[in-house]
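Below is one structure, written out as structure tokens; the observations come after it.
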Amino acid sequence: MTAYQPAPGVLDACETHDAYDAVVLAGGSARRLGGADKPGVRVGGRALLDRVLSACAGAAATVVVADPRPTARPVRWVREDPPGGGPVAALDAGLRATTAPVVLVLSADLPFLDPATVTRLTSALAASGAEGALLRDAEGRDQPLVAAYRAEALRRALDRLAAEHGGTTEEAEQAGHGGSGGRGAQRGLAGLSLRRLTGELRLTRAEAPLAPFDCDTWDDIAAARARIREHEHVLDEWITAVKDELGIELDVDTGVLLDLARDAAHNVARPAAPLTTFLAGYAAGRAGGGPEEVAEAARKAAALALRWAEEETGKRTAPGGPAGDRDGTGPDAG
């Protein structure tokens, strides 16, 4: 359905874009990748699934619908029953493990998803009053697996689909009429298209041109790997990968550290650059480890590097003239 403007008061104060859970669908068969383990394929040194989990790190709870595997962030694992029941059945299984009023729904193969896009989706949902906010791909097609939904609206839509296809509703299952096994098939959701589900919802759209890019083929994987190594992207990608690998949540101004490295290399010696930035980071960690501490340690070290250079080249000056004049020992003294 198309975007709409809500009536005054439609936004519930409790449904702010700050409170959301995430459901990541990671159990597909990856037929176009020859059956490869797509969530584990690495782009920029990180598994595709880990890249998605990093983007939605702000979720109160993250549920991954797939068989368990090691991940960079802790998640809750669930599985549609029977496995391989398709995206609607998988979403139904994941949604059951969430409690937030808003649920972010993502596929596990989005190499360029980032926290800013997640915020854009949840903010669009909150501002519009729609039941879902999703992205469009480069061809203008809706991408229901890069979206934020109001959880209750999504549950109602899943129940309607289940009823249409002869399955049980969630309420009936909770009342003990649906049993505990084979939920996806029993609810009539196995094999259904996600577009059948989103067609039941009032939707709005958000803009983030690159974020919907997904990796269905090896050509897609190659294109993603090539892009993150382009000059304008590689540094941010590398810093993000290192922080993810080391379990560091800190966001700092990398320009400050780059300036420090430049000053140390230029004013002292080239090997001083990495060692100085390491020492600045260590000092910042001992002082509390926040962005302010990093900036202050970098400022002190950069100032030291400049003083070092001034002494070496004799450029240091004082109000009375060159340094030698201050104590009367200049060339004209006496």
Let's go through Val88 and Glu80 carefully: what are the C-alpha distance in whole Å and the side-chain angles of both, what is the deciding distance for side chain to side chain contact (heavy atoms under 4.5 Å, CB included) to 0.1 Å, and is it a yes or a no? CA-CA 9 Å; Val88 176; Glu80 76 275 26; over 6 Å; no

Surrounding CH2 of Trp77 (heavy atoms of other residues, nucleotides or ligands, distance under 6.0 Å), is the total greater than 12? yes

Membership question, hydrophobic clusters at under 4.5 Å side-chain separation (ILVMFWY): are Val52 and Phe213 in the same one? no

Chi angles and distances behind the salt bridge (charged side-chain N to carboxylate O under 4.0 Å, His left out) call for Arg69, Asp37: CA-CA 11 Å; Arg69 66 173 66 228; Asp37 175 26; 2.6 Å; yes

Can you tell me if Ser128 and Arg205 form a side-chain donor-acceptor pair at under 3.5 Å? no

Let me see the working for Arg76 and Thr98 under side-chain hydrogen bond (donor to acceptor under 3.5 Å, both in side chains), right down to the final yes or no. CA-CA 10 Å; Arg76 177 176 177 182; Thr98 67; over 6 Å; no

Same hydrophobic cluster for Leu48 and Leu104, using side-chain heavy-atom links shorter than 4.5 Å among ILVMFWY? no

Holding to side-chain hydrogen bond (donor to acceptor under 3.5 Å, both in side chains), I want the full list of residues that pass it with Asp50, two or more places apart in sequence or in another chain. none

Residue that, paired with Glu237, satisfies salt bridge (Lys or Arg N to Asp or Glu O under 4.0 Å) out of Arg225, Arg51, Arg227: Arg51

Going by atom types alone, do Asp219 and Thr217 pair a side-chain donor with an acceptor below 3.5 Å? no

Any carboxylate oxygen within less than 4.0 angstrom of a Lys/Arg side-chain nitrogen, looking at Glu200 and Arg160? yes

Please say yes or no: joined through hydrophobic side-chain contacts below 4.5 Å, possibly via intermediate residues, are Val105 and Val63 part of one cluster? yes

